[in-house]
Asker: 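Below you'll find the structure I mean.
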Amino acid sequence: GHDTDHSIQFHRPMALARWYYHNTEHICIEFCTTSVSSDRSFYPHHGDVRTVPWKKYKEAGPPYSTWSITPDHSEKLYWKWIICTWQEEMEKKTGKKFTGPGEIPESWKTITKQAVLQELQ
């Protein structure tokens, strides 16, 4: 363990943690850094009936209470490219789809491997 909150410099889309929109088959493509700067809410645990505003995510209790998410709109090309590259496999694995609010934006589909490699340098 460590004495500080869990934090990382670059967050990934929630789809990679198998998050989906409540009571739907739609995979969530949002980034947590964007969500915590929004006015939206989330269900902290599977089966919860109460929502917690993303801006107050620490009030959702563990594990969220030990997270440190900086609200911003940083979204790495790498993660968007991963989603597009592995879309079918992710849909098969989760039994959910990148549809509705989780539809992959057309702009993500034009991201090249070269652009990703340049961003990572």
Side-chain angles (χ1 to χ4, degrees):
H2 49 78
D3 296 330
T4 59
D5 285 350
H6 162 76
S7 67
I8 58 173
Q9 185 175 5
F10 301 112
H11 286 258
R12 62 187 183 186
M14 292 183 225
L16 296 173
R18 297 185 181 188
W19 280 52
Y20 58 93
Y21 295 97
H22 187 68
N23 287 334
T24 74
E25 296 298 314
H26 307 300
I27 297 172
C28 181
I29 61 168
E30 296 173 32
F31 287 73
C32 7
T33 51
T34 304
S35 293
V36 298
S37 66
S38 75
D39 291 324
R40 293 187 303 276
S41 297
F42 72 107
Y43 293 89
H45 304 95
H46 184 72
D48 276 354
V49 293
R50 73 174 179 99
T51 61
V52 174
W54 271 110
K55 288 180 180 175
K56 297 180 178 186
Y57 69 91
K58 285 185 172 274
E59 295 177 11
Y64 310 100
S65 56
T66 62
W67 290 359
S68 178
I69 305 171
T70 304
D72 64 37
H73 293 278
S74 62
E75 299 179 354
K76 292 299 202 183
L77 294 179
Y78 172 78
W79 294 120
K80 295 175 181 182
W81 181 79
I82 289 290
I83 295 279
C84 293
T85 302
W86 298 99
Q87 175 184 350
E88 288 182 28
E89 288 82 355
M90 292 174 68
E91 288 178 338
K92 286 178 190 172
K93 187 96 172 165
T94 63
K96 311 283 185 201
K97 296 284 184 189
F98 286 99
T99 55
E103 184 173 350
I104 298 171
E106 288 300 316
S107 62
W108 290 24
K109 297 174 185 177
T110 63
I111 297 169
T112 64
K113 184 177 182 178
Q114 183 63 29
V116 170
L117 292 173
Q118 285 178 333
E119 181 186 62
L120 292 173
Q121 291 181 345

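Everything numeric here is computed off the predicted structure, so don't read it as measured data.
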Asker: Mind checking whether Tyr57 and Trp19 sit in one hydrophobic cluster, side chains of I, L, V, M, F, W, Y counted as touching below 4.5 Å?
Answerer: yes
Asker: Please assess Ser41 against Val52 for the test side-chain contact (heavy atoms from CB on, under 4.5 Å), listing each intermediate value before the final yes or no.
Answerer: CA-CA 5 Å; Ser41 297; Val52 174; 6.0 Å; no
Asker: In sequence, state the C-alpha distance, the side-chain angles, and the governing distance for Tyr43 and His22, and then conclude on ring pair (Phe, Tyr, Trp, His ring centres under 6.0 Å).
Answerer: CA-CA 7 Å; Tyr43 293 89; His22 187 68; 3.6 Å; yes
Asker: Between CH2 of Trp54 and OG of Ser37, what distance do you get to the nearest 0.5 Å?
Answerer: 11.0 Å
Asker: State which residues pass salt bridge (charged side-chain N to carboxylate O under 4.0 Å, His left out) with Lys76; sequence neighbours excluded, sorted by chain then number.
Answerer: none
Asker: Ignoring hydrogens, what is the shortest heavy-atom contact between Ile104 and Lys109? Give both atom names and the distance.
Answerer: O-CE, 3.7 Å
Asker: Evaluate Thr70 against Thr33 for side-chain contact (heavy atoms from CB on, under 4.5 Å), listing each step before the verdict.
Answerer: CA-CA 6 Å; Thr70 304; Thr33 51; 5.6 Å; no
Asker: For residues His26 and Thr99, report the shortest heavy-atom separation together with the two atoms involved.
Answerer: ND1-OG1, 2.8 Å
Asker: Could you measure the distance from the OG1 atom of Thr85 to the NZ atom of Lys80? Nearest 0.5 Å is fine.
Answerer: 13.5 Å
Asker: Spell out, as yes or no, whether a donor-acceptor pair under 3.5 Å connects the side chain of Glu91 to the backbone of Phe98.
Answerer: yes
Asker: Once you round to the nearest 0.5 Å, how far does OH of Tyr21 lie from CD1 of Ile29?
Answerer: 6.0 Å
Asker: Quick one, Lys97 and Ile27 - any side-chain contact, counting heavy atoms below 4.5 Å?
Answerer: no
Asker: Roughly how far, to the nearest 0.5 Å, is the CG atom of Leu117 from the OH atom of Tyr78?
Answerer: 10.0 Å
Asker: What's the shortest heavy-atom distance between Arg40 and Glu30, and which atoms?
Answerer: NH2-OE1, 2.7 Å
Asker: Whether the Asp72 and Ser74 side chains hold a donor-acceptor pair (N or O, under 3.5 Å, no angle test) is what I'd like checked.
Answerer: yes
Asker: Any donor and acceptor pair, going by atom type alone, linking the side chain of Ser38 with main-chain N or O of Ser35 inside 3.5 Å?
Answerer: yes
Asker: So which heavy atom on His45 is nearest to which on Pro62, and how close?
Answerer: NE2-O, 3.1 Å
Asker: At what distance, to the nearest 0.5 angstrom, does CG of Asp48 lie from CZ of Phe42?
Answerer: 9.0 Å
Asker: If you take all heavy atoms of His73 and Thr34, which pair is closest and at what distance?
Answerer: ND1-CG2, 3.5 Å
Asker: Would Lys55 and Val36 count as a side-chain contact (heavy atoms from CB on, under 4.5 Å) here? Give the steps.
Answerer: CA-CA 5 Å; Lys55 288 180 180 175; Val36 298; 5.8 Å; no
Asker: What are the two closest heavy atoms between Thr24 and Lys96, and how far apart are they?
Answerer: O-NZ, 3.9 Å
Asker: Does the salt bridge (Lys or Arg N to Asp or Glu O under 4.0 Å) test come out yes or no for Lys92 and Glu89, once each step is laid out?
Answerer: CA-CA 5 Å; Lys92 286 178 190 172; Glu89 288 82 355; over 6 Å; no
Asker: Surrounding NZ of Lys56 (heavy atoms of other residues, nucleotides or ligands, distance under 6.0 Å), is the total greater than 12?
Answerer: no
Asker: Show your reasoning for whether side-chain contact (heavy atoms from CB on, under 4.5 Å) applies to Leu77 and Trp81.
Answerer: CA-CA 6 Å; Leu77 294 179; Trp81 181 79; 5.9 Å; no
Asker: Do Ile69 and Leu16 belong together in a cluster built from hydrophobic side chains that touch within less than 4.5 Å?
Answerer: no
Asker: Quick check on the 6.0 Å ring-centre criterion: do Trp67 and Tyr64 meet it?
Answerer: yes
Asker: Rounded to the nearest 0.5 Å, what's the gap from OH on Tyr20 to CD on Glu25? Could you check?
Answerer: 8.0 Å
